[in-house]
Structures are given as C-alpha cells and as structure tokens.
Amino acid sequence: MLTKRIIPCLDIKDGRTVKGVNFENIRDAGDPIELGALYAEQGADELVFLDITATNERRKTLSELVTRIARHVNIPFTVGGGISSVEDVSVLLNAGADKVSVNTAAFKNPQLLNDLSREFGSQCIVLAIDTRFEEGDWFVYLNGGRVKTEIRTTDWAKEAVDRGAGEILLTSMNNDGTKQGFALDITGRLSRNLHVPVIASGGAGTMEHFADVFEKAGADAALAASIFHYKEMEIPELKNFLYKRGVQIRF
C-alpha cells in the first residue's frame with residue numbers, strides 16, 4: 001500500500017513565505033529556504049513552493065530560489081507560479097525542482113499539459129486547481145482565485161489527467177486558511193474517479209482533519225501551510241498521531 005504524504009506548502013511573494021485566509025489578508029511567515037530545510041528535517045514527505053505573484057519576467061528570480069532550495073533540502077519538491085511553457089519547466093527542473101505545478105496557463109491552453117507530459121513525463125507535472133463551491137457544485141477559479149470560470153472542477157480534473165497531468169493539487173477556496181477541515185466532498189470525488197494521486201489543500205487545523213481527508217476522502221497527500229509555519233502543529237507529532245490511527249505513513 002502506498003504511504004500517505006504530508007506536504008508543507010510555502011507560498012512565496014518577493015522571496016518571502018507568506019500566508020493568507022481565503023486567499024486574502026496576506027502576512028509574512030518567514031524565509032522559505034530555512035522553513036523548507038526545517039520541514040525536511042522534521043520528516044515532511046515533500047514540499048511545495050508556489051510563487052503567488054509570479055510573472056514571466058520573474059522566472060529568473062524563481063530559478064535562483066529553486067537552486068538555493070535544492071542545495072538545502074533533501075526531499076522532493078514542487079515549484080509553481082507563472083509557468084506557461086516547456087521552456088519555463090525546463091529551467092526549473094534544471095535548477096533542481098523535482099516537479100512543477102501549473103494552473104491558469106494550463107486551463108487557458110490545455111495542450112500545454114500534453115506538451116509537458118510528453119517532454120518531461122507526467123510524473124513531474126502537477127495540475128493545481130483552485131476551486132470554490134457555489135450554486136450547488138465546485139467550480140474552477142483562475143489567477144490565484146480571482147477569476148471564476150463556468151467549468152466544473154470534476155470535468156477539468158478529468159480532462160487534465162487525460163492530457164497527461166500526473167497529480168492533482170486541489171485547493172478549496174471555501175476552506176483555505178479557515179482551519180475548519182479539508183473539503184472532503186470534492187476531494188473524495190476526485191480521489192475515487194481519477195487514476196492519479198490527489199493532494200488535498202485548504203482547511204487543515206487539527207490532526208483529526210488530516211485523518212479525515214485520508215480515511216474519508218481517500219486523498220493521497222495532504223498539504224498545509226500556516227499550521228506548520230506558525231508552529232501550531234509539528235510534523236513528527238502529526239505523523240505519530242496518524243500512525244496510531246492506522247494511516248499508512250512514512251517515518
């Protein structure tokens with residue numbers, strides 16, 4: 001049986017780690033390299049670094065950051081933000097990233113997923129989906145949660161996997177930063193209907209929430225940010241808790 005993964009996420013803005021609530025009220029949370037190295041040491045399975053205000057002109061800044069991260073971190077890490085071409089991905093993988101995360105650019109140009117998976121292999125292509133529940137269903141949002149689409153999350157996730165996405169990073173905007181628990185409904189729907197791993201994101205507040213998203217929604221990994229950044233929960237005690245619950249995890 002595959003072990004479930006615990007993944008701290010570091011949202012990067014101007015070279016610093018930041019955190020908000022429901023994608024707003026952003027505040028500083030520390031140095032991304034120091035935090036990443038600390039989490040790796042504590043037993044995180046992977047890390048995700050998202051440049052939340054990236055544009056193509058800043059790609060060079062991000063690749064330099066990736067090189068520094070790779071030097072200090074000995075576990076797999078994913079990098080995302082502003083990636084829109086084969087060349088962008090090539091730069092980041094060469095700088096030391098293990099995987100890349102694409103979001104808005106892939107939605108606007110789905111062929112990008114075919115191109116990236118053909119060029120680099122689907123195992124290193126993560127499709128990030130920001131989703132919000134409204135009007136009775138979950139819909140895809142773009143541009144860091146600022147732009148609503150009329151596309152249902154389940155439909156886009158399926159198409160993306162068919163085109164070569166090797167993993168889905170699903171963030172519920174309704175739950176993000178609330179610490180009220182993950183969105184079990186949509187996470188479960190994707191986990192049951194897709195043949196690639198689903199990473200749940202948005203809403204972690206207690207150890208119970210992690211157990212729920214693994215046991216009830218079948219997520220392959222759970223991602224969190226502020227509870228780790230502000231030391232509300234330590235990774236070793238979380239893993240211990242899950243292990244005692246019978247969740248398969250890696251120590």
Side-chain angles (χ1 to χ4, degrees), residues 1-12 17-19 21 29-50 69-80 96-99 101 123-124 126 128 166-172 175-188 190-192 194 196-251:
M1 189 187 234
L2 285 176
T3 54
K4 304 292 189 182
R5 289 169 289 150
I6 302 296
I7 306 178
C9 177
L10 297 96
D11 289 334
I12 314 273
T17 308
V18 296
K19 188 61 196 118
V21 176
D31 177 81
I33 312 251
E34 283 174 20
L35 282 172
L38 172 70
Y39 296 146
E41 204 178 289
Q42 286 185 346
D45 298 296
E46 293 184 23
L47 295 167
V48 169
F49 294 86
L50 298 178
I69 293 165
R71 215 174 284 143
H72 291 89
V73 167
N74 59 356
I75 57 175
F77 69 95
T78 300
V79 178
D98 297 282
K99 299 189 247 188
S101 162
Q123 79 288 339
C124 70
V126 179
E167 199 160 19
I168 301 289
L169 168 52
L170 179 74
T171 301
S172 162
N175 301 58
D176 179 70
T178 64
K179 299 185 187 166
Q180 300 296 305
F182 294 96
L184 301 181
D185 161 43
I186 185 63
T187 306
L190 295 193
S191 297
R192 284 188 292 272
L194 300 174
V196 302
V198 173
I199 305 168
S201 164
T206 68
M207 295 189 197
E208 202 74 38
H209 293 153
F210 285 88
D212 285 346
V213 84
F214 292 138
E215 294 167 352
K216 297 177 182 173
D220 297 272
L223 177 145
S226 58
I227 55 167
F228 296 138
H229 302 339
Y230 301 122
K231 310 278 186 288
E232 292 162 34
M233 191 183 295
E234 302 278 342
I235 292 166
E237 58 180 1
L238 171 59
K239 285 195 156 187
N240 211 25
F241 171 83
L242 293 170
Y243 176 75
K244 286 178 178 164
R245 278 283 288 257
V247 176
Q248 297 283 329
I249 43 133
R250 188 189 294 118
F251 275 103

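Just so you know, residue 1 is the first one in the sequence shown, and it goes up from there.
None of Val213, Ile6, Ile199, Thr171 except one satisfies the side-chain contact (heavy atoms from CB on, under 4.5 Å) rule with Leu223; the exception is Ile199.
With hydrogens and angles ignored, the 3.5 Å screen pairs no side-chain donor or acceptor of His229 with any backbone N or O of Ala224. Listed for the Lys239 side chain is a donor-acceptor partner under 3.5 Å among the backbone atoms of Gly43.
Note that CG of Leu190 and CG of Asp185 are 9.5 Å apart. Values are rounded to the nearest 0.5 Å. Distance check: Thr3 OG1 to Asp220 CG gives 10.0 Å after rounding to the nearest 0.5 Å. Note that CG of Leu35 and CD1 of Ile12 are 8.5 Å apart. Values are rounded to the nearest 0.5 Å. One finds the CG atom of Leu47 at 8.5 Å from the CD1 atom of Ile7 (value rounded to the nearest 0.5 Å). One finds the CG atom of Leu170 at 5.0 Å from the OG1 atom of Thr187 (value rounded to the nearest 0.5 Å). Distance CZ/Phe182 to CG/Asp176: 10.5 Å, rounded to 0.5 Å.
Applying the 6.0 Å contact sphere to CD of Glu237 captures more than 12 heavy atoms from other residues, nucleotides or ligands.
You'll find the side chain of Met207 stays beyond 4.5 Å of the side chain of Leu242, heavy atoms only. Between Ile69 and Pro32, every side-chain heavy-atom pair lies at or beyond the 4.5 Å cut-off. Looking at Gln42 and Pro8, their side chains never come closer than 4.5 Å, going by heavy atoms from C-beta outward.
Residues forming a ring-ring contact (aromatic ring centres under 6.0 Å, His included) with Phe214 (at least two apart in sequence, or on another chain): none.
Across all their heavy atoms, Ile227 and Ala204 have their closest contact at CG2-O, 3.6 Å. Across Glu34 and Asp31, no two heavy atoms sit closer than the pair N-OD2, 2.8 Å. Across every non-hydrogen atom of Ser172 and Ala183, the tightest pair is CB-CB, 3.6 Å. When every heavy atom of Ala40 is checked against every heavy atom of Val73, the shortest pair comes out as CB-CG1, 4.4 Å. Lys4 approaches Asp45 most closely through the heavy-atom pair O-OD2, 3.9 Å. Closest heavy-atom contact between Pro76 and Asp98: CA-OD2, 3.2 Å.
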Using side-chain contact (heavy atoms from CB on, under 4.5 Å), reason through Val247 and Glu215 one step at a time and then give a plain yes or no. CA-CA 8 Å; Val247 176; Glu215 294 167 352; 3.8 Å; yes
From CA spacing to verdict: side-chain contact (heavy atoms from CB on, under 4.5 Å), Met233, Phe210: CA-CA 12 Å; Met233 191 183 295; Phe210 285 88; 3.8 Å; yes
Chi angles and distances behind the side-chain contact (heavy atoms from CB on, under 4.5 Å) call for Glu167, Val196: CA-CA 5 Å; Glu167 199 160 19; Val196 302; 5.5 Å; no
Is there a side-chain contact (heavy atoms from CB on, under 4.5 Å) between Phe251 and Asn240? Walk through the geometry before answering. CA-CA 9 Å; Phe251 275 103; Asn240 211 25; 4.2 Å; yes
